[in-house]
Amino acid sequence: MAFDGSRTFGVDGVIVVNLDRRPDRWEAFQVAWRDLLPWDQVVRLSASDGQQLTGYGRSPWFRGRKRDRTWAGRAGCALSHARALREAHERGWARVLIMEDDAIPAGDAGALLSALNSPGWDLLYLGAREPVGVQETCDGLVSVHGALDAHAYAVTETLRDWMIRRLPEEASIWPWIARERAVDRWMRREVGRNFRVKLCQPQVATQKECLSDITQRRAASYVACPDLETTPRPKPRPSEVARAGEVAADRVRAAVKRVVGF
């Protein structure tokens with residue numbers, strides 16, 4: 001089933017994050033989603049390239065180690081998602097779908113439209129891995145505390161502005177990424193504390209198997225979230241005590257990285 005405009009898409013716009021040096025990914029994305037997105041509402045965002053950020057390759061954060069480009073990729077990814085949210089704010093989009101250029105469809109337009117038009121969410125993952133705090137399933141959506149991956153997710157206006165206030169800008173990116181490690185990890189831990197998070201089940205979007213711009217390695221085949229209704233022991237919602245311990249450990253780790261580098 002293709003999107004023919006006869007139904008409301010469910011968000012005001014779509015922002016696709018794509019590096020200028022990867023036009024191949026943008027072309028592949030357009031082919032993969034050709035019949036599923038309202039292209040008059042789709043905006044390509046030139047992604048932040050971590051290797052071009054101020055401070056990359058310099059101390060105290062960088063010491064010429066083999067994972068320097070991985071940390072740069074994580075930084076660029078976090079900044080790109082922050083910029084995508086700001087772009088949505090500037091355009092006045094109350095609900096926005098943010099996608100990475102390696103996202104590929106796992107369902108038809110009907111499943112996509114049903115998910116985006118469903119009520120009761122502030123953050124909607126079209127696909128994700130390793131969810132925590134799994135609760136009830138209703139109409140193809142699972143309530144969760146959070147999950148990993150940020151290749152395709154929608155947010156409401158309230159959550160958009162909340163995230164904008166907390167995500168880094170370029171001037172603060174290296175301390176932020178040293179502490180949080182990755183934007184999807186931060187989202188999994190923090191968003192579900194105050195907002196309603198849902199995950200499509202089955203998933204509507206996965207990630208293409210290709211060379212990762214973050215790890216610089218070919219990603220293994222995407223392992224999606226399992227059938228949560230039959231998963232015997234899903235990870236519970238993290239307690240505030242556990243979160244506090246994790247935050248404290250992250251701050252210590254970041255302080256060490258400031259001294260010894262990534």
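Values in this document were obtained by computation on a predicted structure and should not be read as measured data. Because only heavy atoms are used, hydrogens play no part in the values below, and waters and symmetry mates are left out as well, while side chains stay in.
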Give the minimum heavy-atom separation between P119 and K198, together with the two atoms involved.
O-NZ, 3.9 Å
Are there over 12 heavy-atom neighbours, none belonging to R58, within less than 6.0 Å of that residue's CZ?
no
Is the side chain of R65 donor-acceptor paired with the backbone N or O of F262 at a distance under 3.5 Å, no angle test?
yes
When you measure from the side chain of N117 to the backbone of T8, do you find a donor-acceptor pair of N or O atoms at a distance under 3.5 Å?
yes
Could you tell me the separation between the NE2 atom of H89 and the CE atom of M163, rounded to the nearest 0.5 Å?
14.5 Å
V31 vs E27, test: side-chain contact (heavy atoms from CB on, under 4.5 Å). Steps then yes/no.
CA-CA 6 Å; V31 171; E27 293 172 4; 5.8 Å; no
Could you measure the distance from the CZ atom of R188 to the CZ atom of R129? Nearest 0.5 Å is fine.
9.0 Å
Look at the aromatic rings of F29 and W39 and report parallel, tilted or perpendicular, splitting at 30° and 60°.
perpendicular
List the atom of L97, the atom of A152, and the distance in Å for their closest heavy-atom pair.
CD1-C, 4.5 Å
R63 side-chain N/O to P60 backbone N/O, donor-acceptor pair under 3.5 Å:
yes
Applying side-chain contact (heavy atoms from CB on, under 4.5 Å) to V183 and L167, what does each step give before you reach the verdict?
CA-CA 8 Å; V183 67; L167 286 172; 4.0 Å; yes
Do I104 and V16 sit in one hydrophobic cluster, given that two such residues count as connected whenever their side-chain heavy atoms are within less than 4.5 Å of each other, even indirectly?
no
Is there a side-chain contact (heavy atoms from CB on, under 4.5 Å) between E157 and R160 once you walk through the steps?
CA-CA 5 Å; E157 181 178 18; R160 179 202 69 198; 3.4 Å; yes
Non-hydrogen atoms of P131 and V144 that approach each other most closely:
CB-CG1, 4.1 Å
The criterion is salt bridge (Lys or Arg N to Asp or Glu O under 4.0 Å); which residues satisfy it with R251, sequence neighbours excluded?
none
Quick one, W33 and V42 - any side-chain contact, counting heavy atoms below 4.5 Å?
no
So CD1 of I164 and CD of E169: to nearest 0.5 Å the spacing works out to 10.0 Å
Taking all heavy atoms of G76 and all of L53, pick out the closest pair and write down the distance.
N-CD1, 4.4 Å
Under a 4.5 Å cut-off applied to non-hydrogen side-chain atoms, are E190 and F195 in contact?
no
Could you measure the distance from the CG atom of L112 to the CZ atom of F9? Nearest 0.5 Å is fine.
4.5 Å
Is there a continuous path of hydrophobic side-chain contacts, each under 4.5 Å between heavy atoms, that joins V43 to V155?
yes
Quick one: does D184's side chain have a donor or acceptor within less than 3.5 Å of a partner on D149's backbone?
yes
Atom CG of residue position D139 - does it have more than 12 heavy atoms of other residues, nucleotides or ligands inside 6.0 Å?
no
Would R22 and D101 count as a salt bridge (charged side-chain N to carboxylate O under 4.0 Å, His left out) here? Give the steps.
CA-CA 9 Å; R22 295 305 304 268; D101 58 10; over 6 Å; no
Answer yes or no: is there a side-chain heavy-atom contact under 4.5 Å between V204 and P105?
no
Gap between atom CG of L123 and atom CZ of R196 - 0.5 Å precision
11.0 Å
Mind checking whether W71 and F62 have ring centres under 6.0 Å apart?
no
Can you tell me if S114 uses its side chain to pair, donor with acceptor, with the backbone of A111 under 3.5 Å?
no
Side-chain contact, heavy-atom cut-off 4.5 Å: V134 with L199?
no
Take the angle between the ring planes of W162 and W186 and call it parallel below 30°, perpendicular above 60°, tilted in between.
parallel
For residues 76-87, the side-chain hydrogen bond (donor to acceptor under 3.5 Å, both in side chains) pairs (sequence neighbours left out) are S48-R83, H81-E100, H81-Y153, E87-R91
Please step through salt bridge (charged side-chain N to carboxylate O under 4.0 Å, His left out) for the pair R74 and E180, ending with a clear verdict.
CA-CA 10 Å; R74 291 177 177 181; E180 305 297 347; over 6 Å; no
Check this for me, if you would: do R95 and D12 make a salt bridge, where the nitrogen-to-carboxylate-oxygen distance has to be below 4.0 angstrom?
no
Taking a hydrophobic cluster as the set of Ile, Leu, Val, Met, Phe, Trp and Tyr residues connected by side-chain heavy atoms closer than 4.5 Å, whether directly or through intermediates, do V260 and W61 fall within one such cluster?
no
Evaluate the side-chain proximity of P175 to R258: yes if any heavy-atom separation is below 4.5 Å, no if none is.
yes
For the pair V96 and V11, evaluate side-chain contact (heavy atoms from CB on, under 4.5 Å) and give the outcome as yes or no after the intermediate values.
CA-CA 5 Å; V96 62; V11 296; 5.7 Å; no
So with a 6.0 Å cut-off around CD of E246, is the heavy-atom count from everything else above 12?
yes
Donor-acceptor check, side chain of D108 to backbone of G110, threshold 3.5 angstrom: yes or no?
yes
Measure the shortest side-chain to side-chain distance between V191 and D122 over non-hydrogen atoms and say whether it is less than 4.5 angstrom.
no
Do the side chain of W174 and the main chain of T54 share a donor and acceptor less than 3.5 angstrom apart?
yes
Donor-acceptor contact below 3.5 Å, side chain R25 vs main chain L19:
no
When every non-hydrogen atom of A84 is compared with those of I98, the smallest separation belongs to CB-CD1, 4.0 Å
Taking D250's backbone N and O only, do any of them form a donor-acceptor pair with R181's side chain (distance below 3.5 Å, no angle check)?
no
If every non-hydrogen atom of A154 is compared with every non-hydrogen atom of L116, which pair is closest and at what distance?
CB-CD2, 4.0 Å
Measure the spacing between NZ of K208 and CG of D102 and express it to the nearest 0.5 Å.
9.0 Å
